[in-house]
Q: 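Before we start, here is the structure in question, set down as structure tokens.
All ligand and atom numbering here is 1-based and tracks the order in the structure.
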Amino acid sequence: MNSTTFRTENRPVVPVQRYRQPADIFEALFQSIQGGENHPRPTLELTPDSPFLPFLEIGYALRTCLEKPSRHAYLLHRLRPHVSVLVGTLPASILPMGMLPKLAPLPGFRPLEAISDAELHQWLIQESGLIYGEMQRFELENYFDAIKPYLPTGGIMVDLGSGLGKVVMTAALTLPFSRCVGVELMTYRHRLAQDRLVRLLTLTRQGLEALPEPLRVDTPLTLPSGVVANGRHLLELGARIAFIENDMFKVDVRGASLVFVYSTCFGPLMNALSNKLARELPEGALVSTTTYPIKHPSFRLLETHAPGTLSWTSMMIYQRIGPPTTQTVLEDRYLHQPDTDAWEARAREELGG
Ligand SMILES: C[S@@+](CC[C@H](N)C(=O)[O-])C[C@H]1O[C@@H](n2cnc3c(N)ncnc32)[C@H](O)[C@@H]1O
């Protein structure tokens with residue numbers, strides 16, 4: 001497919017009234033997994049056993065400075081060396097609508113003065129990765145059209161940072177992957193993905209029961225991608241989808257044939273991510289990223305799509321080449337170097353408002 005044939009918007013949504021054919025089931029299933037970008041964001045829980053406790057501690061230290069005008073100069077002084085890992089002007093989670101709980105911090109939480117630059121740097125990297133967004137339906141259709149020619153039949157698809165599960169479920173519906181797996185760090189997003197999966201499978205069962213002709217495991221079935229599979233694809237959908245609640249750096253992707261990463265908020269993580277994928281993926285495996293490239297020598301760039309073609313942001317498709325390697329890439333190659341003075345001027349303005 002070339003860029004002139006990419007879709008540029010979603011088709012109008014026509015609710016499915018009757019299940020006359022499998023295509024009606026697919027349509028209802030796709031409709032059921034849209035809109036996750038608008039989900040209400042809960043604040044992180046402040047409990048003594050929260051896995052986010054170190055994150056909360058530093059968030060509080062920063063927010064305490066944000067709330068006191070007399071501390072603004074110090075806040076800027078501490079953030080300034082880390083502008084390359086900041087997404088936006090000020091960290092979103094400490095702003096009034098952010099995920100940091102409004103409750104008083106726990107006793108023992110340190111003030112910003114007691115938090116090192118290294119800790120702050122790591123915190124900002126984690127913070128940017130927790131921002132949420134989803135690709136639109138037509139963008140994912142473009143994406144799977146682009147990736148299809150490179151895929152072997154079957155194979156395992158993995159979404160690192162899978163959020164509410166839209167890409168994983170879209171992959172499982174669109175192409176004959178043997179398994180589609182999402183890995184998500186945040187508990188509430190993982191749970192929402194599981195809820196969506198339950199809804200998806202309930203709808204699938206209802207659709208299959210309502211078909212005038214029963215779908216059998218060996219009935220030829222044209223998938224939304226145009227690939228012809230068989231009835232097993234829908235009848236055993238649940239067995240092909242899994243969501244794991246974990247840090248993507250702790251989950252081995254050794255068996256994957258396609259790793260999808262919506263990496264637009266992962267700029268500071270790209271080097272670590274590339275090293276992990278080079279260590280674990282077999283030769284031939286595909287990786288796609290958004291916004292940020294992979295520059296590790298173990299990946300060959302197959303396609304690059306400029307913003308506004310396949311998706312609103314750039315998308316890159318890579319293939320793993322060569323034997324397994326522990327070779328790493330240098331930290332700074334991926335970090336953008338923004339204009340620090342311009343950042344500070346914007347930050348002062350935001351703080352002033
Ligand atoms: C931009 S969203 C993309 C969601 C999904 N992949 C999609 O495209 O619809 C990125 C997700 O990555 C998750 N995330 C960030 N850091 C992570 C980590 N270390 N391990 C697993 N998930 C992570 C965030 O919580 C967020 O839900």
Side-chain angles (χ1 to χ4, degrees), residues 10 30 32-45 50-52 54-55 59 85 87-88 91-93 98-100 122-144 147 157-174 180-197 200 241-253 256 258-277 280 287-292 310-316:
N10 284 325
F30 280 118
S32 79
I33 55 175
Q34 308 305 314
E37 64 277 10
N38 300 322
H39 75 275
R41 273 64 165 170
T43 51
L44 295 171
E45 276 178 66
S50 164
F52 283 99
F55 182 83
V85 295
V87 173
S93 62
M99 288 189 298
L100 204 65
Q122 279 315 310
W123 185 90
L124 288 165
I125 288 175
Q126 188 181 4
E127 207 262 349
S128 64
L130 296 180
I131 293 170
Y132 194 76
E134 286 182 355
M135 282 167 69
Q136 295 196 49
R137 180 174 172 181
F138 76 90
E139 295 175 312
L140 286 177
E141 287 170 348
N142 287 339
Y143 168 71
F144 285 112
I147 204 94
M157 178 271 181
V158 178
D159 180 2
L160 293 178
S162 48
L164 274 53
K166 178 178 187 173
V167 183
V168 171
M169 291 187 269
T170 300
L173 292 172
T174 306
C180 298
V181 182
V183 181
E184 172 57 46
L185 183 65
M186 294 198 74
T187 304
Y188 90 89
R189 291 180 186 165
H190 168 71
R191 290 199 184 133
L192 285 176
Q194 287 182 310
D195 293 348
R196 286 178 160 226
L197 177 58
L200 188 89
I241 301 176
F243 291 110
I244 299 171
E245 181 189 350
N246 207 338
D247 184 336
M248 61 184 165
F249 289 101
K250 296 190 181 145
V251 174
D252 202 308
V253 293
L258 169 65
V259 175
F260 171 93
V261 199
Y262 192 166
S263 51
T264 301
C265 292
F266 292 172
L269 297 175
M270 286 311 279
N271 62 327
L273 201 53
S274 312
N275 294 340
K276 169 193 170 61
L277 296 174
E280 295 174 8
V287 177
S288 68
T289 64
T290 57
T291 314
Y292 291 100
L310 187 151
S311 154
W312 70 272
T313 185
S314 55
M315 286 204 81
M316 282 65 66

Q: At their closest point, which heavy atom of R196 faces which heavy atom of L164, and how far apart are they?
A: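 Residues R196 and L164, closest heavy atoms: CD-O, 3.4 Å.
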Q: Side chains of T291 and T313: any donor to acceptor distance under 3.5 Å?
A: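 Side chains of T313 and T291: pair found under 3.5 Å.
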Q: Between CD of E127 and CE of M99, what distance do you get to the nearest 0.5 Å?
A: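 It comes to 7.0 Å.
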Q: Checking N246 now: which residues fulfil side-chain hydrogen bond (donor to acceptor under 3.5 Å, both in side chains) with it, not counting sequence neighbours?
A: none
Q: Students often mix this up, so state it plainly: with edges at 30° and 60°, are the rings of F55 and W123 parallel, tilted or perpendicular?
A: parallel
Q: What distance do L258 atom CG and D159 atom CG have between them, rounded to the nearest 0.5 Å?
A: 9.5 Å
Q: Taking non-hydrogen atoms within less than 4.0 Å of ligand 1, which protein residues qualify?
A: G129, L130, I131, Y132, G133, E134, D159, G161, S162, G163, V167, V183, E184, L185, M186, R189, N246, D247, M248, F260, Y262, F266
